[in-house]
**Q** 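Structure incoming, see below.
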Amino acid sequence: MSLKIYNTLTRKKEEFQPIDEEQVKIYTCGPTVYDYFHIGNARAFVIPDILKRYLEYKGYQVFHIVNFTDIDDKMINRAEEEGVNIEELAERFIEAYFEDTKRLNIKKADAYPKATEHIYDIIELIEILEEEEYAYEVDGDVFFAVKQFEDYGKLSNQSLEELASGSRVDINEKKRNPLDFVLWKNSKAGEPSWDSPWGAGRPGWHTECSVMSMFYLGRKFDFHTGGVDLVFPHHENEIAQSEAVTESQVVNYWLHNGYINIDGEKMSKSLGNFFTTREIFAEYDPQVVRFFLISKHYRSPINFSDAELAVAQKGLERLKNTVQRLDNLIAGDQQELKPGSSVEYEELTELIETKKKKFVAAMDDDLNTALAIGSLHELAKELNTLINTSDLQLAQGLISTLEKAADFFAEAGEVLGLEFSGEEIKDDNLVAPLIELLLKIRSEAREEQNWDLADQIRDELAELGVKIEDTAQGVEWKLE
RNA sequence: GGUGGCAUAGCCAAGUUGGUAAGGCAGAGGACUGCAAAUCCUUUAUCCCCCGGUUCAAAUCCGGGUGCCACCUCCA
């Protein structure tokens with residue numbers, strides 16, 4: 001079985017053929033670090049993480065680059081608003097990015113280049129484009145001449161004429177063609193700038209991704225990911241820049257995730273109807289947020305709401321519950337085991353295999369996480385039915401079969417980036433109130449002179465390392 | 001105007017090399033339970049926006065229509 005991926009470039013599902021059998025290269029358009037990222041951005045970071053994890057599951061080594069856009073209009077404006085310098089602003093939100101992606105259980109990329117670290121590489125690329133007559137300079141601005149690039153429009157499946165007719169582009173007298181885009185921007189007074197052959201200025205947005213992707217991944221790499229809104233113009237322009245230089249296809253597979261909507265309307269920073277990911281973390285476990293994001297196919301638009309998250313929470317809990325029961329049974333008192341024949345559980349073993357195959361087939365089919373999760377639910381249902389059987393005998397054959405099921409859940413969890421079993425990360429704040437609660441019960445028991453219960457609470461808490469002291473001022477406790 | 005996509009039960013949602021509708025949530029019934037909660041099980045679409053066609057067979061293919069969303073301006 002092999003992985004099939006929908007390629008925006010060809011508008012078809014294609015069988016994945018790695019350039020290098022050993023190592024797959026992925027470039028992801030990362031955030032502009034002027035704010036906390038919102039739940040829509042989160043999707044664009046989780047989806048490539050799923051791709052990466054699944055490729056690793058399939059035995060590939062993955063080399064993944066995520067860039068930070070740390071110089072552009074938004075950065076300049078926000079820095080000014082907040083009265084900080086741009087570097088500080090970038091640093092702050094890069095840190096926030098790492099915190100938030102960590103909580104979403106997104107694996108680290110191999111490198112996180114910043115645009116400002118590659119200014120001279122960007123200048124070099126523009127110089128080549130200028131030499132080859134793909135670019136022209138007007139008063140310190142440098143533009144890419146889209147007419148010079150024959151394939152312009154191939155990603156968004158648009159011809160220049162079509163793009164022009166629907167164009168809402170501002171008329172810029174300097175441009176030869178309204179669709180020409182800025183490679184190098186002449187800086188205004190007070191703006192950050194770098195010296196260049198065209199005077200002081202800064203790079204245009206699209207250029208950095210061409211430069212950084214080829215710098216780290218070479219002139220040919222496997223995947224480029226981003227949100228659908230980046231198809232045009234960002235990725236279209238990136239193709240133009242890169243391929244004008246390489247004269248051959250740079251990216252094999254373009255992956256674009258769908259939007260997150262609010263009440264059917266797209267969520268975006270410009271519309272202001274967005275929720276930052278960390279805002280949502282205050283209400284929901286990051287695992288739930290991740291589960292929500294992958295419970296639908298990555299190319300479909302998804303609606304975001306409190307109700308949807310609540311549904312995701314219940315769905316995830318259901319799976320976790322089953323795995324927990326499984327773990328409990330497996331860890332159960334081994335002495336109680338009765339001899340059992342493995343033949344009895346052959347059916348269950350087959351079932352696990354079937355669901356596993358379904359899971360893999362779903363992931364193979366354009367990363368159909370929704371279907372894959374469905375197979376987990378199906379297995380959970382079967383296991384629960386079995387576990388609920390009152391005359392369930394803990395025979396050795398059953399235990400090893402249940403272990404297979406638990407292994408499968410662990411494996412699936414690794415692919416999906418979810419933890420179904422094990423200790424939940426409980427809020428530390430829970431410990432103190434719990435102990436206080438027990439102490440209150442103990443006090444009540446003492447008042448009723450129920451010394452047995454009171455002592456039991458004290459002794460068993462002591463075993464757990466909680467030492468109780470009855471003082472004149474009341475009950476005190478401490479952790480040993 | 002161009003381009004891409006969507007329309008499946010109360011809600012969310014999977015499903016095209018055509019073969020007789022996954023899964024989740026809610027609802028209903030039940031198991032368990034001193035009570036409650038939690039948990040678990042069962043159950044819910046004669047039918048997949050509409051019309052027509054191809055076929056032994058279509059949610060899946062073809063033609064036409066309707067509605068919705070996105071991109072064509074910074075946006076994941």
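A, B, ... follow the sequence lines: proteins, then strands. Residue 1 opens every chain.
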**Q** Report the residues that fulfil salt bridge (Lys or Arg N to Asp or Glu O under 4.0 Å) with A/Lys174, sequence neighbours left out, ordered by chain and then residue number.
**A** A/Asp141
**Q** B/rG27 and B/rG10: how far apart are their P atoms, nearest whole angstrom?
**A**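 Each nucleotide's P atom is 16 Å from the other's.
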**Q** Whole angstrom is fine here: how far is it from CE in A/Met363 over to P in B/rG15?
**A**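 That distance rounds to 13 Å.
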**Q** Taking CD from A/Glu161 and C1' from B/rG1, how many angstroms apart are they, rounded to a whole number?
**A** 13 Å
**Q** Of the nucleotides B/rA76, B/rC40, B/rG5, which one has an atom closest to the side chain of A/Tyr6?
**A**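 Nearest nucleotide to the side chain: B/rG5.
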**Q** Starting at atom CG of A/Leu255, determine the distance to atom P of B/rG5, rounded to an integer number of angstrom.
**A**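 That distance rounds to 15 Å.
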**Q** Under 4.0 Å, heavy atom to any atom of RNA chain B: which of residues 75-83 of chain A qualify?
**A**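 When residues 75-83 of chain A is checked for heavy atoms under 4.0 Å from RNA chain B, there are no hits whatsoever.
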**Q** Tell me, do A/Asn237 and A/Phe144 make a side-chain contact under 4.5 Å, heavy atoms counted?
**A** no
**Q** Answer yes if the ring centres of A/Tyr253 and A/Phe16 are under 6.0 angstrom apart, and no otherwise.
**A** yes
**Q** What nucleic acid atoms does A/Asn368 come within less than 4.0 Å of, heavy atoms only: base, sugar-phosphate, or nothing?
**A**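 A/Asn368: backbone/sugar contact only, no base atoms under 4.0 Å.
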**Q** Do the side-chain N and O atoms of A/His235 and A/His256 include a donor-acceptor pair separated by under 3.5 angstrom?
**A** yes
**Q** At under 4.0 Å between heavy atoms, what does A/His256 touch on the DNA or RNA strands: base, sugar-phosphate, or nothing?
**A**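 Result for A/His256 = nothing.
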**Q** If I pick the C1' atom on B/rU44 and the same atom on B/rG65, what distance separates them, to the nearest angstrom?
**A**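 32 Å, rounded to whole Å.
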**Q** Roughly how far apart, to the nearest Å, are B/rA58 and B/rC50 at atom C1'?
**A** 16 Å
**Q** Nearest-Å distance, CZ (A/Arg299) to C1' (B/rA13)?
**A**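 Those two atoms, CZ and C1', are 15 Å apart.
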**Q** Would you kindly say whether A/Thr276 and A/Glu279 are connected by a side-chain donor-acceptor distance under 3.5 Å?
**A** yes
**Q** Measure from NZ or CZ of A/Lys74 to the centre of the six-membered ring of A/Tyr34 and say whether it is under 6.0 Å with the direction within 45° of the ring axis.
**A**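 Yes, a cation-pi geometry holds between A/Lys74 and A/Tyr34.
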**Q** Roughly, in whole Å, what's the span from CD in A/Glu382 to C1' in B/rU42?
**A** 13 Å
**Q** How about A/Tyr57 and A/Tyr54: are their ring centroids closer than 6.0 Å?
**A**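 Ring centres of A/Tyr54 and A/Tyr57 closer than 6.0 Å.
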**Q** Ignoring hydrogens and geometry beyond distance, is the side chain of A/Lys296 in donor-acceptor contact with the base of B/rC12 at under 3.5 Å?
**A**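 Counting by modelled atom types and ignoring angles, no donor-acceptor contact under 3.5 Å is found here.
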**Q** Can you tell me which residue pairs pass the ring-ring contact (aromatic ring centres under 6.0 Å, His included) test with a partner in residues 353-373 of chain A, sequence neighbours excluded?
**A** A/Phe359-A/Phe408
**Q** Would you say a side-chain N or O of A/Thr8 is under 4.0 Å from OP1 or OP2 of B/rG5?
**A**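 So the side-chain polar atoms of A/Thr8 never come under 4.0 Å of the phosphate oxygens OP1 or OP2 of B/rG5.
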**Q** Say we look at B/rG15 and B/rC51: how far apart would their C1' atoms be, to the nearest angstrom?
**A**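 Each nucleotide's C1' atom is 24 Å from the other's.
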**Q** Between B/rC72 and B/rA21, how far apart are the two P atoms, rounded to whole Å?
**A**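 Pairwise P distance, B/rC72 against B/rA21, rounds to 42 Å.
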**Q** Encode nucleotides 22-28 of chain B as B, S and - characters from 5' to 3', where the letter depends on protein heavy atoms closer than 4.0 Å: B to the base, S only to sugar-phosphate, - to neither.
**A** BSSSS--
**Q** Holding to ring-ring contact (aromatic ring centres under 6.0 Å, His included), I want the full list of residues that pass it with A/Phe98, two or more places apart in sequence or in another chain.
**A**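 Residues passing ring-ring contact (aromatic ring centres under 6.0 Å, His included) with A/Phe98: A/Phe68, A/Tyr112.
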**Q** How far, in whole Å, is B/rC40 from B/rC48 if one measures between their C1' atoms?
**A** 31 Å
**Q** Could you work out the separation of B/rC49 and B/rU33 based on their C1' atoms and round it to a whole Å?
**A**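 Pairwise C1' distance, B/rC49 against B/rU33, rounds to 47 Å.
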**Q** Taking C-beta and beyond as the side chain, do A/Glu411 and A/Lys356 meet within less than 4.5 Å on heavy atoms?
**A**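 The answer is yes; the side chains approach within 4.5 Å.
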**Q** State whether A/Asn157 places a side-chain N or O below 4.0 Å from either non-bridging phosphate oxygen (OP1 or OP2) of B/rG4.
**A**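 Indeed, a polar side-chain atom of A/Asn157 lies that close.
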**Q** Say we look at B/rC12 and B/rC69: how far apart would their P atoms be, to the nearest angstrom?
**A** 15 Å
**Q** Please tell me which of A/Ser300 and A/Asp72 maps to the more 5' nucleotide of RNA chain B, matching each residue to the nucleotide holding its nearest heavy atom.
**A**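 Whichever sits nearer the 5' end wins; that is A/Ser300.
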**Q** Dot-bracket for RNA chain B, please. Rules: Watson-Crick or G-U, both distances under 3.5 Å, ( ) within the strand, [ ] when a pair crosses earlier ones, | for another strand, . otherwise.
**A** ((((((((.[[[..)...(...]]].(((((.......))))).....[[[[[..)....]]]]])))))))....
**Q** In Å, rounded to the nearest 0.5 Å, how long is the span from CZ of A/Arg43 to CG of A/Asp49?
**A**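 Nearest 0.5 Å value for the CZ-CG distance: 14.5 Å.
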